[in-house]
Amino acid sequence: MSMAENKKECDRCGTCCSKGGPALHNEDFKLLKNRLVRPEHLITIRKGEPVLALFADTPAPAQSEIIKIKGRGSEWTCLFFAEPEAECTIYGLRPLECSILKCWDTADLENAAGKNLLSRYDILTPQQEPILGFIKKHDAECPLENLTQLLSAISRKNSQQRALNSLTEMVNNDLAIRSQACAELNLSLDIELFIFGRPLFTILTQYGIKVHEQKGFYRLSISRPLPQTLS
């Protein structure tokens with residue numbers, strides 16, 4: 001019998017918390033309502049953005065929008081995980097995924113994964129219409145649903161330039177909308193990551209695509225060969 005089969009309770013090793021914050025579900029709205037968790041604590045994974053799903057080995061496009069608790073700084077470790085005490089600072093009202101996670105039996109977590117997820121539209125109120133307006137504009141001008149196809153097209157010579165042009169337009173639209181929203185709404189970087197998710201150029205760097213700024217315009221270049229197929 002393996003150690004995992006013998007295990008029946010959490011030993012507070014912190015491994016789960018260090019792998020990233022949880023996605024938020026409808027059941028977690030109470031955490032936002034009582035301000036225990038605030039938008040600046042969150043990051044949005046947009047539909048189509050490559051993401052490492054539960055127990056997956058390689059990233060795949062997100063099938064829907066995902067709101068996650070951020071990592072700490074540049075780390076994946078959940079913002080609410082306190083080291084070296086190995087304690088969750090919101091344990092009494094921890095999110096659903098954290099409350100049902102058992103590293104020795106992941107059935108409950110697997111069953112909940114991807115279901116009843118909160119979105120930005122669930123969290124923002126009608127009084128925040130200026131922010132919602134920018135989100136709608138961003139989603140329309142910088143959609144990620146076809147990102148995987150564009151990345152695959154870049155790996156083929158006959159479609160590379162056309163795909164690169166499309167991504168260049170999206171990168172410039174993405175940064176322009178963020179800049180306009182930050183200027184008009186006085187947004188901080190923390191809240192920007194909830195409103196718009198990660199900038200597209202940071203996603204592209206994972207695939208060997210670099211961004212260069214020239215007089216306010218951003219150009220893309222390929223720093224390493226892309227794989228012929230992408231998940």
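L36 and I67 fall within a single hydrophobic cluster, where Ile, Leu, Val, Met, Phe, Trp and Tyr are joined by side-chain heavy atoms under 4.5 Å apart, directly or via other members. Note on L144: it clusters hydrophobically with V211, by side-chain heavy-atom contacts below 4.5 Å among ILVMFWY residues. Residues L175 and L200 share a single hydrophobic cluster, defined by chaining ILVMFWY side chains whose heavy atoms lie under 4.5 Å apart. Grouping the Ile, Leu, Val, Met, Phe, Trp and Tyr side chains by contacts below 4.5 angstrom, directly or via other members, places L101 apart from L52. Both L150 and I222 belong to a common hydrophobic cluster when Ile, Leu, Val, Met, Phe, Trp and Tyr are linked at side-chain heavy-atom distances under 4.5 angstrom.
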Note to self: I'd like to know whether R46 forms a salt bridge (Lys or Arg N to Asp or Glu O under 4.0 Å) with D139, so could you lay out the CA-CA distance, the side-chain angles of the two residues, the decisive distance to 0.1 Å, and finally the verdict.
What the structure shows: CA-CA 9 Å; R46 298 171 61 209; D139 285 344; 3.3 Å; yes
Next item on the list: For L185 and I195, run side-chain contact (heavy atoms from CB on, under 4.5 Å): C-alpha distance rounded to whole Å, both residues' side-chain angles, the deciding distance at 0.1 Å, then the answer.
Entry: CA-CA 12 Å; L185 305 178; I195 295 172; 5.9 Å; no
Item checked: Step-by-step side-chain contact (heavy atoms from CB on, under 4.5 Å) determination, R198 to I43 -> CA-CA 8 Å; R198 294 190 298 161; I43 186 168; 3.8 Å; yes
Margin query: Determine whether T89 and L79 satisfy the following criterion, side-chain contact (heavy atoms from CB on, under 4.5 Å), listing intermediate values before the conclusion.
Written below: CA-CA 9 Å; T89 58; L79 187 66; over 6 Å; no
Checklist line | side-chain contact (heavy atoms from CB on, under 4.5 Å) between L93 and V37, worked out | finding: CA-CA 10 Å; L93 287 170; V37 174; over 6 Å; no
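Between the side chain of T168 and the backbone N or O of L164, at least one donor-acceptor pair lies under 3.5 Å. Proximity of a side-chain donor or acceptor of Q63 to a complementary backbone N or O of P61 within less than 3.5 Å is detected. Remark: the backbone N or O of E65 is not paired with any side-chain donor or acceptor of R120 at under 3.5 angstrom. Remark: side-chain polar atoms of N172 are paired, donor with acceptor, to backbone N or O of Y218 under 3.5 angstrom. Judged by distance alone, with hydrogens and angles left aside, the side-chain atoms of E213 form a donor-acceptor pair with the main-chain N or O of G216 at under 3.5 Å. Side chain of Q180 to backbone of I177: no donor-acceptor contact under 3.5 angstrom is found.
The minimum heavy-atom distance between S18 and W76, with the atom names listed, is O-CB, 3.7 Å. Of all non-hydrogen atoms in L220 and L204, the two that sit nearest each other are CD1-CD1, 4.1 Å. Closest of all the heavy-atom pairs between P143 and E141 is CD-C, 3.3 Å. Scanning both residues, I66 and A62, for their nearest heavy atoms gives CD1-CB, 4.2 Å. For S99 against R94, the heavy-atom pair with the smallest separation is CA-NE, 3.6 Å.
Residue N158 qualifies as enclosed at atom CG: its count of foreign heavy atoms under 6.0 Å is above 12. The neighbour count for Y91 OH, taken as heavy atoms of other residues, nucleotides or ligands under 6.0 Å away, does not exceed 12. For K19, the NZ atom counts as loosely surrounded, since its 6.0 Å shell holds 12 or fewer non-hydrogen atoms of other residues, nucleotides or ligands.
Taken from CD in Q149 to CG in L147, the straight-line distance is 8.5 Å, to the nearest 0.5 Å. Expressed to the nearest 0.5 Å, how far CD1 of I69 lies from CD of E97 amounts to 9.5 Å. To the nearest 0.5 angstrom, K70 atom NZ is 4.0 Å from D190 atom CG. One distance of note links CG of L132 with CD of Q127; it measures 10.0 Å at 0.5 Å rounding. Atom-to-atom distance recorded for I209:CD1 and I154:CD1 is 4.0 Å, nearest 0.5 angstrom. With rounding to the nearest 0.5 Å, the separation of NZ in K47 from CD1 in I45 is 15.0 Å.
Side-chain contact between I90 and P95 is present, with at least one heavy-atom pair separated by less than 4.5 Å. When side chains are defined from C-beta on, D174 counts as touching H138, because their heavy atoms get closer than 4.5 Å. Side-chain contact between F196 and C142 is absent, with no heavy-atom pair separated by less than 4.5 Å. Under the 4.5 Å side-chain criterion, counting only non-hydrogen atoms from C-beta, L32 is in contact with L42. Taking the side chain as every heavy atom from C-beta outward, E192 and L189 approach each other to under 4.5 Å. Looking at E40 and S188, their side chains never come closer than 4.5 Å, going by heavy atoms from C-beta outward. With a 4.5 Å cut-off on side-chain heavy atoms, T15 and C103 do not count as touching. Contact check for F194 versus I123: side-chain heavy atoms found under the 4.5 Å cut-off.
The only option from I131, L124, I191 that meets the side-chain contact (heavy atoms from CB on, under 4.5 Å) definition with P39 turns out to be I191.
Inspection of the E169 and N165 side chains reveals no N or O donor paired with an N or O acceptor under 3.5 Å.
Residues satisfying the side-chain hydrogen bond (donor to acceptor under 3.5 Å, both in side chains) test with S221, not counting sequence neighbours, are H212.
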